[in-house]
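Throughout, a chain's letter reflects where its sequence line sits, starting with A, and its residues are numbered from 1.
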Protein chains: 2
Amino acid sequence: MVAPKVEDYLKSIYRLQDRDTPAMTAEVAAAMGVKPPTVTAMLQRMADDGLVHYQRYQGARLTERGEKGALKVLRNHRLLELFLTEELGYDWAEVHDEADVLEHHLSVTLVERIEVLLGSPAVDPHGEPIPTADLEIRECETQQSLAECQEGTVAVVSEVRESSADVLSYLANSGISLGTELEVVETAPFGMITCEVRTTEKPLSLPTDVAAEIYVSRPAEPAENERRQYNEA
Amino acid sequence: MVAPKVEDYLKSIYRLQDRDTPAMTAEVAAAMGVKPPTVTAMLQRMADDGLVHYQRYQGARLTERGEKGALKVLRNHRLLELFLTEELGYDWAEVHDEADVLEHHLSVTLVERIEVLLGSPAVDPHGEPIPTADLEIRECETQQSLAECQEGTVAVVSEVRESSADVLSYLANSGISLGTELEVVETAPFGMITCEVRTTEKPLSLPTDVAAEIYVSRPAEPAENERRQYNEA
DNA sequence: GCTTTTGTTTAGACGTATCTAAATCATGTT
DNA sequence: AACATGATTTAGATACGTCTAAACAAAAGC
Ligand SMILES: [Mn+2]
Ligand SMILES: [Mn+2]
Ligand SMILES: [Mn+2]
Ligand SMILES: [Mn+2]
C-alpha cells in the first residue's frame with residue numbers, strides 16, 4: 001500500500017515531529033540523506049495521500065493514518081532487529097541496517113509469526129519499545145537520560161537510542177549492554193561524563209551527546225520489570 | 001546493484017530460455033504479468049547493462065553476468081523458502097509469495113547466516129536445488145517427470161516444480177510430500193494419470209500438466225541420497 | 001521598518017517501470 | 001511472390017523519486 005521510501009519518510013517525520021513543532025523540510029532532508037526539494041515534493045505527495053498535514057514553509061506533521069504507518073514500520077523494524085539477534089546471531093550494532101531494508105517487505109503473516117516465535121517481546125535489542133499489533137506504544141516507565149544523571153547516581157542501562165553501529169560496538173566492548181549497572185563518577189564541565197561500569201569495574205568516559213542517547217532506570221527493583229539482555233561481542 | 005524488478009526479469013528469462021531458444025518477449029510478458037512493450041523496454045535496458053543478449057524480434061538470452069544474477073536470486077529465494085518452513089512454521093504452499101518479495105532484499109551476510117543455520121541444504125521445500133554460494137547448481141540425479149512414468153512404476157517424489165499454492169495444498173492434503181512413494185496405476189488416454197499414494201493407500205488422479213511438474217526418482221536406494229521431508233497441513 | 005540571511009519552494013530535468021495506440025517486422029498461406 | 005496474421009517494437013504518456021538552479025518567503029539583524 002505505502003511505498004518503501006514513503007515508509008522511511010513516515011519514520012523520519014515521526015521521530016522529528018514534536019507535540020508543538022512539526023518536522024521541518026531541512027530536518028527531514030538531513031535525516032533522509034536527500035536534498036530539500038526532494039522533501040518538498042515528497043511531502044506534497046504524502047499530503048495528497050492523507051499521510052501528513054502540510055503547509056508550505058510550515059513543515060509537516062503526521063495524520064492519524066501517517067502515524068499508524070510509522071508505527072507499523074517501527075514495529076516491523078524492531079521485531080526484525082530482535083529476530084536477527086535472537087535467531088541469527090547478530091549483535092546489536094549490526095541489526096539496524098538489515099532491518100531498515102527488510103522492514104518494508106514483511107507480510108502481516110510473517111510479522112505475526114516472528115512475534116510469536118520471540119514471545120511477544122516488549123523491547124528491541126536496543127531497549128526501544130516494540131509497538132503492539134494494534135499499533136499502541138506502551139510508553140516506558142521511569143527512564144532518564146544518562147546525560148542528566150548527577151554524580152553518584154547508580155542506575156541500570158535500559159535503552160540505547162539512535163546510535164551508530166560504531167558507537168554501539170564501542171559500548172558493547174566497554175561492557176555496556178541492556179541491564180548493565182553504572183555509577184556516575186564525574187560530570188566534567190566540558191561535556192563529558194564518566195561512569196564506572198559495575199560488571200567490569202572499569203571507568204568509562206563518554207561525551208554528553210553519546211550519554212544523552214543512553215537511558216537508565218533505578219537499579220534493583222526486584223522482578224516486575226522483566227527484561228532480557230543480549231550481545232557482547 | 002541490480003534493482004528488484006530487474007532481478008525478477010532475470011529469473012523469468014532464466015526459466016524461459018533454453019539451450020537453443022531464447023526467451024521471447026511475449027513469454028516474458030506473460031511470466032511477469034506485464035504488457036509486451038514493457039518487456040521490450042526492459043530488455044533494451046538490460047542489454048545496455050550487459051545482463052542479456054538481445055536483438056530486436058529475436059528475444060533475449062542471459063549473459064554470463066545475467067545468469068549469475070538469476071542464480072543469486074534463485075539461491076536467495078530457495079534458502080528463504082526453506083528458512084520459512086524450517087524456522088517459522090510455514091508450509092510449502094505458503095512460502096513462495098513471501099520469498100518472492102524478500103529474495104531481493106537480503107544482505108550477503110544474512111544469506112550466509114541463513115544457510116549456516118539450515119546446515120547448507122541442497123534443496124528447497126519443493127525439492128528444487130539451491131545454488132551454492134559461488135552460484136553453481138548441483139544438477140540433480142536420476143529424476144523423471146511423473147507424467148512420463150509407465151503404468152506399474154513405483155517411485156519416490158523428489159521435486160514439485162512451478163506449482164501454484166492451490167496445487168501444492170491439494171497435493172499435501174492428498175498425502176504427497178517430498179519422499180512420498182507412489183505407484184502409477186493408470187495412464188488414461190485423455191491426459192490423466194492415476195497413482196496410489198503408498199502412505200495413505202489411496203488412489204490419486206492428476207491431469208498430465210500437474211503430473212508433469214512432479215518429479216520422481218527410483219525408490220529405496222539406501223543412504224547416499226540424503227534428503228529431508230517437510231509439510232503436511 | 002528595511003534588509004540580509006536562511007530556509008523553502010518552484011521549474012525543469014533525468015532514470016525507472018509501466019501503460020495504450022500505432023507502426024513495423026517476420027512468417028506461414030495462398 | 002504477395003498477403004494476411006500475429007508478434008514485436010516505437011511513440012507518446014504517466015507516476016515515482018531524485019537532482020540542480022533559480023525564485024521566493026520568513027526570520028533575524030540592524
Ligand atoms: Mn527503511
Ligand atoms: Mn533498535
Ligand atoms: Mn521476486
Ligand atoms: Mn521453491
Side-chain angles (χ1 to χ4, degrees), chain A residues 1-14 16-18 20-62 65-66 69-70 73 100-101 103-105, chain B residues 1-14 16-18 20-62 65-66 69-70 73 100-101 103-105:
Chain A
M1 189 101 286
V2 180
K5 285 297 165 63
V6 175
E7 292 187 333
D8 281 333
Y9 278 93
L10 287 174
K11 272 202 314 185
S12 287
I13 297 166
Y14 181 84
L16 290 168
Q17 77 181 1
D18 207 342
D20 40 335
T21 53
M24 300 307 287
T25 302
E27 295 174 318
V28 178
M32 293 292 301
V34 299
K35 295 288 152 66
T38 305
V39 175
T40 301
M42 189 73 220
L43 293 181
Q44 289 168 345
R45 245 169 337 110
M46 288 171 77
D48 288 347
D49 296 348
L51 295 171
V52 297
H53 299 295
Y54 169 69
Q55 281 171 289
R56 18 209 295 306
Y57 294 98
Q58 306 297 215
R61 61 185 320 104
L62 297 175
R65 267 194 66 218
V73 186
D100 227 345
V101 176
E103 65 188 357
H104 311 291
H105 305 288
Chain B
M1 186 103 287
V2 182
K5 284 299 165 64
V6 176
E7 292 187 333
D8 281 333
Y9 278 95
L10 288 175
K11 274 201 313 182
S12 287
I13 296 166
Y14 181 84
L16 289 168
Q17 78 181 359
D18 209 341
D20 40 335
T21 52
M24 299 306 287
T25 304
E27 295 174 319
V28 178
M32 293 292 300
V34 299
K35 295 288 160 44
T38 305
V39 173
T40 300
M42 189 72 220
L43 293 181
Q44 288 168 345
R45 245 169 337 108
M46 288 171 77
D48 289 346
D49 296 349
L51 295 171
V52 295
H53 298 297
Y54 169 69
Q55 284 172 288
R56 16 208 299 302
Y57 295 98
Q58 308 296 213
R61 62 184 323 103
L62 297 175
R65 267 194 67 220
V73 186
D100 227 345
V101 176
E103 64 187 358
H104 311 291
H105 306 288

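- If you measure from atom CG of A:L43 to atom C1' of C:dT10, you get 15 Å, rounded to the nearest angstrom.
- An OP1 or OP2 oxygen of C:dA26 is reached within less than 4.0 angstrom by no side-chain nitrogen or oxygen of B:R56.
- With rounding to the nearest 0.5 Å, the separation of CG in A:L43 from CZ in A:R61 is 13.0 Å.
- Inter-residue side-chain proximity for A:V39 and A:M32 is flagged as unmet; no heavy-atom pair is nearer than 4.5 Å.
- Considering only heavy atoms from C-beta on, A:V2 stays 4.5 Å or farther from A:Y9 through its side chain.
- Remark: A:L10 CG to A:M46 CE distance equals 4.0 Å, nearest 0.5 Å.
- Using a 4.5 Å heavy-atom cutoff, the side chains of A:T40 and A:Y54 are in contact.
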Reading 5' to 3' through nucleotides 12-20 of chain C, protein heavy-atom contacts under 4.0 Å coded B for base, S for sugar-phosphate only, - for none: ----SSBBB

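- Here A:H105 contributes atom NE2 and B:E103 contributes atom CD; the two are 11.5 Å apart, rounded to the nearest 0.5 Å.
- Contact annotation: B:Q58 side-chain N/O to D:dA7 OP1/OP2 distance is not under 4.0 Å.
- Judged purely by atom type and a 3.5 angstrom limit, A:Q17 uses its side chain to pair as donor or acceptor with the backbone of A:L62.
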Tabulated below should be each protein N or O lying under 3.5 Å from an N or O of nucleotides 3-6 of chain C; please produce it.
none

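- Taking CE of A:M1 as the start and CD of A:E7 as the end, the distance is 11.5 Å to the nearest 0.5 Å.
- With hydrogens and angles ignored, a donor-acceptor pair under 3.5 angstrom links the side chain of B:Y57 to the base of C:dT24.
- Phosphate contact (OP1/OP2 of C:dT9, side-chain N/O of A:T25, threshold under 4.0 Å): present.
- In this structure, A:M24 places its CE atom 11 Å from C1' of D:dA27, rounding to the nearest Å.
- Per the geometry, CG belonging to A:L51 stands 12 Å off P belonging to D:dC16, to the nearest Å.
- Residues B:V6 and B:L51 have side chains in contact (heavy-atom distance under 4.5 Å, counting atoms from C-beta outward).
- Of the side-chain N and O atoms in B:Y54, none sit less than 4.0 angstrom from OP1 or OP2 of D:dT8.
- Note: CD (B:Q44) to P (D:dT9) measures 7 Å, nearest angstrom.
- For A:H104 and D:dC16, the NE2 to C1' distance is 16 Å, given to the nearest whole Å.
- Regarding B:Q55, its CD atom lies at a distance of 11 Å from the P atom of D:dT9, rounded to whole Å.
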